[in-house]
Structure formats: C-alpha cells, structure tokens
Q: 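Sharing a structure here in structure tokens format.
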Amino acid sequence: MIIFGDSVTAGIGENEAETWPSILEEATNLKVLDDSKMGATVGSELNDLIEKTLPPGLIIIELGGNDMLGTTTVDECIKYGKRTRIDSQ
C-alpha cells in the first residue's frame with residue numbers, strides 16, 4: 001500500500017510524530033509506504049507520480065487542502081484531472 005498526501009498525512013512538526021499511515025500499518029499488519037509531503041499539491045504530486053514506477057497494490061491519495069488554501073486555480077485542477085489516468089491490472 002502506498003499513500004500520497006500532504007501535511008494531513010505527513011504530520012506537522014516532529015519527524016517522529018505518529019501519523020495515520022503508521023497507525024494504519026500497525027493496526028492492519030500491512031506494509032504501508034508513506035510518500036506524503038508537507039505542502040504537497042495535486043500538481044506537485046502529479047509531477048512526482050509521472051516519474052515513478054508504482055508497484056501493483058492499493059494506492060491512497062489524500063490531497064487538496066494546499067490547493068484550496070493556495071493559488072491553484074479551478075482551471076489548473078481540471079488540467080491535472082485530464083492528465084491523470086488510473087490503470088488496473
């Protein structure tokens with residue numbers, strides 16, 4: 001399982017803060033890769049995802065807060081939506 005997110009997922013402050021991905025991993029005994037970043041936006045994560053090869057499995061995406069609070073326009077969000085595609089195998 002891979003999780004992409006912003007500070008809601010990454011946590012704020014201490015590097016060793018307990019985050020919901022770590023709680024999920026402990027509660028389910030699943031391997032959880034937390035690839036969340038403070039300040040992440042839909043655009044920044046999309047650019048990162050395009051360059052990554054993702055293993056098969058569950059992907060959780062938690063993004064949008066920084067887009068709503070920042071300068072991401074509705075047109076940019078629509079553009080990002082058109083650039084995304086989820087393939088299942």
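The chain is numbered in sequence order, starting from 1.
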Q: Residues in salt bridge (charged side-chain N to carboxylate O under 4.0 Å, His left out) with Asp34, at least two apart?
A: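 Listed in chain order: nothing, the list is empty.
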Q: Under 4.5 Å between any side-chain heavy atoms of Ile60 and Met1, yes or no?
A: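 Ile60 vs Met1: side chains touch.
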Q: Using 0.5 Å steps for rounding, measure from the CG atom of Leu58 to the CG atom of Leu30.
A: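 It is 8.5 Å, given to the nearest 0.5 Å.
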Q: Spell out, as yes or no, whether a donor-acceptor pair under 3.5 Å connects the side chain of Glu62 to the backbone of Gly5.
A: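 No, because the side chain of Glu62 does not come within donor-acceptor range (under 3.5 Å) of the backbone of Gly5.
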Q: What is the minimum heavy-atom distance between Thr19 and Ala10, and which atoms define it?
A: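 Scanning both residues, the minimum pair turns out to be CG2-O, 3.4 Å.
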Q: Are the side chain of Ser22 and the backbone N or O of Glu18 linked by a donor-acceptor pair below 3.5 Å?
A: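 No; judged by distance alone, with no hydrogens or angles, the pair does not exist.
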Q: In the hydrophobic clustering (ILVMFWY, side-chain contacts below 4.5 Å, transitive), which residues join Val8, or is it alone?
A: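 The other cluster members (ILVMFWY side chains, heavy atoms under 4.5 Å, direct or chained): none.
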Q: How many angstroms lie between CD1 in Ile23 and OG1 in Thr28, if you round to the nearest 0.5 Å?
A: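 Reported value, rounded in 0.5 Å steps: 11.5 Å.
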Q: When rounded to the nearest 0.5 angstrom, what distance separates CD1 in Ile2 from NZ in Lys31?
A: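 The distance works out to 10.5 Å.
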Q: Listed by chain and number, what are the side chain to side chain contact (heavy atoms under 4.5 Å, CB included) partners of Ile59, not counting sequence neighbours?
A: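 Listed in chain order: Phe4, Leu54, Ile61.
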Q: For Ala40 and Asp6, which heavy atoms make the closest approach, and how far apart are they?
A: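 Of all heavy-atom pairs spanning Ala40 and Asp6, the closest is O-CB, 3.7 Å.
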